[in-house]
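Please read the structure below before turning to the comments.
Model, not experiment: these values are computed from the prediction. Below, chain A is the first sequence line, B the second, and so on; all start at residue 1. Excluded from the calculations below are hydrogen atoms, water molecules and symmetry mates; all remaining heavy atoms, backbone and side chain alike, are included.
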Amino acid sequence: MSKVEGRIEGKEEEEKRKKITLKVYRTNYNNKKESPHYDEFEVPVNRWTTVLDALLYAKNNSDSSVAIRYSCRMATCGSCGMNINGKPSLACYTKISELNKDVIVCEPLSNFPRIRDLVTDFSQFFNHHKKMEPFIHNDKVSLDVKDKDDLVEFEQTPEMVEKYLQFSYCIRCGLCYSACPTVATDANFPGPQALSQAYRYIADSRDNDKSSRFKIIDERHGIWRCHFAGSCSFVCPKGVDPALGIQLLKGQMLGISKNNKKISNLRVKDKQ
Amino acid sequence: MAQLRLRESQITKIHYLTGILALFAVAVHILFRLIMPFGQSLTFQNVVANYHNIFYALLLEAILILISIHGFNGLRVILIELKQSPKWDSIITILVLVAMIGIIAYGTRTIVIASGL
C-alpha cells in the first residue's frame, strides 16, 4: 500500500469513527469586546480518547486560538483542571467514552479568576497553600546546612507514614478548591487543598510544631468555615480525602480526637 | 483587647456545647408539660404557676442564654462569610454581641417579672 493510499484509508477510518460535539467556553478578559460564548467543534473519538485529546484535536484542526493549560497528560502535573459537563475534572484523566454523552461541555474551573477560555488564575490558590507552610517544622534540626554531614534523616515506621500518606498524593490541581461551596462565598477561606495539607504536616511524625500550624488555620475565615459538604473528596482525581483531613483536624483542635503522635527520632550517624 | 479575643476554635467549642445543652434544656422544658394532665398544661393558670416555680424560671433563663449564644454565633458565622475584611468581621462581631446581650437582658427582665421575684 502506498503512502497516499494509506493516508486516504486513515482519513476514511477517521470519518467512520464516532463523533462528539465539544462545546468550549470562550472568553478573553484582556479583550473586552469579546463576550463569553461557547464554540462547538466536531471531534472523532475512540474508546480511549480523553477530553484533553479532543481539545487538542479541536485546537490542531479547527481553531488554534483555544486556550488550554496542560503539561504531563497523565494526571500528575494537575494543570488541565476544568469543568467537564459541570464537574471539576482533569481533562487528561477523563475519557469521553466514560462520560456517555454526545455533547461534552468544557468550562473553566469555578472559584478561580478567569484569564482566557479554559485557563484560570491559580495565584490565590497557591497563596493559601503557601500560607500553610508546606514543609517540615522541627526545632531539633538545624536549617543551617553547610556540608553533607549536617544533613539528617528521621526514623519513620510504615504506620507513621500511613497517617499522612494519602494527603501527600495531592497534585495541587485545584479541583477540590473549585468544588468547594465555602470557597465560592468566602475567598479568604483556605480551601480543602490547603487545609488537607495542614493536616498532612500535623500528622507527619517528623513535624513537631503543631501549635503554630493550628494558629495559622484557627482564624475567622479558617478551618471552622468548612460546612463539610464533602464535594472536595468527591472530585479529587488522586483519591485524596480532603474532607476527612479537615474533620480530623477539627477533632484535634477541639480535643476530641486522640493525638498520640510520636515525634520521629533523628537517625544517628553510626546507624547509617 | 486582643487578649480578650477568643480564638475561633474556642468559639466553636462554645457553639457546640450551647447547642447540645440547649437541646437538653428544651427537652426538659417540654417534659414539664407532663407533670400535670397534658390537656391542662397550657391553661393560663398552669402557665403562670410554672413561671412562679423558681426551678422553671431558672430553666427558662438557661434556655434563653444557651439559645441566644448559639443562635447569635450562628448568625455571626453566616454574616462574616458575606464580606472578607477584618473591619466587617469586627463590626459584625460587635453588633451580634450587643444584640445578644440585649436579647438576654430583655428576656431575663420578662422572666423576672413573670416569676414575681
Side-chain angles (χ1 to χ4, degrees), chain A residues 110-113 121 123-125 127-128 131-132 177 180-192 194-195 198-199 202 209-229 231-232 243 245-259, chain B residues 1-27 62-104:
Chain A
S110 318
N111 299 345
F112 285 91
D121 182 4
S123 319
Q124 189 188 56
F125 172 77
N127 283 339
H128 284 310
K131 203 180 155 195
M132 297 301 141
Y177 192 81
C180 177
T182 308
V183 175
T185 55
D186 188 346
N188 286 356
F189 178 63
L195 290 171
Y199 179 74
I202 286 167
D209 195 12
K210 197 172 74 173
S211 59
S212 77
R213 292 193 185 279
F214 277 174
K215 269 184 204 157
I216 296 170
I217 51 175
D218 192 7
E219 53 178 35
R220 277 178 182 160
H221 294 272
I223 187 167
W224 302 105
R225 296 292 80 83
C226 168
H227 302 170
F228 196 32
S231 46
C232 48
I246 295 171
Q247 292 308 103
L248 290 171
L249 210 48
K250 279 181 178 176
Q252 283 201 18
M253 291 176 90
L254 289 177
I256 297 167
S257 327
K258 277 185 188 172
N259 178 35
Chain B
M1 192 67 188
Q3 297 287 324
L4 290 171
R5 199 176 134 177
L6 290 171
R7 285 203 311 272
E8 208 57 29
S9 56
Q10 292 168 319
I11 296 173
T12 307
K13 266 182 206 169
I14 294 168
H15 188 74
Y16 290 170
L17 207 65
T18 50
I20 294 164
L21 290 175
L23 203 69
F24 176 74
V26 169
I63 292 172
L64 173 70
I65 293 170
L66 292 169
I67 289 181
S68 298
I69 294 172
H70 186 81
F72 278 103
N73 184 53
L75 186 66
R76 181 189 73 93
V77 167
I78 295 166
L79 292 174
I80 62 169
E81 265 184 36
L82 295 180
K83 262 173 125 182
Q84 287 86 49
S85 82
K87 198 178 170 188
W88 170 260
D89 292 353
S90 303
I91 290 169
I92 289 300
T93 305
I94 292 165
L95 282 178
V96 162
L97 263 174
V98 169
M100 186 186 81
I101 292 166
I103 291 283
I104 291 175

Query raised in the report: Relative to chain B, which of A:Asp218, A:Asn188, A:Ile217, A:Ile223 shows the most heavy atom pairs under 4.5 Å?
Result: A:Asp218
Query raised in the report: Hey, does B:Arg76 have a side-chain heavy atom less than 4.5 Å from the side chain of A:Arg220?
Result: yes
Query raised in the report: Got a sec: does the CZ of A:Arg213 have more than 12 other heavy atoms crowding it under 6.0 Å?
Result: yes
**Report entry** Non-hydrogen side-chain atoms of B:Glu81 and A:His227 separated by less than 4.5 Å
**Finding:** yes
**Report entry** Other residues, nucleotides, ligands: >12 heavy atoms within 6.0 Å of B:Leu79 CG
**Finding:** yes
Query raised in the report: Given side chains that start at C-beta, do those of B:Ile11 and A:Trp224 come closer than 4.5 Å, heavy atoms only?
Result: no
Query raised in the report: Which value, rounded to the nearest 0.5 Å, describes the distance between B:Gln10 atom CD and A:Leu254 atom CG?
Result: 11.0 Å
Query raised in the report: Just wondering, do B:Thr12 and A:Lys250 contact through their side chains at under 4.5 Å, heavy atoms?
Result: no
Report task. For A:Thr185 and B:Gln84, work out which heavy atoms get closest and say how close. Result -> O-NE2, 3.1 Å
**Report entry** Qualifying residue for side chain to side chain contact (heavy atoms under 4.5 Å, CB included) with B:Glu8, from A:Arg225, A:Glu219, A:His221, A:Met253
**Finding:** A:Arg225
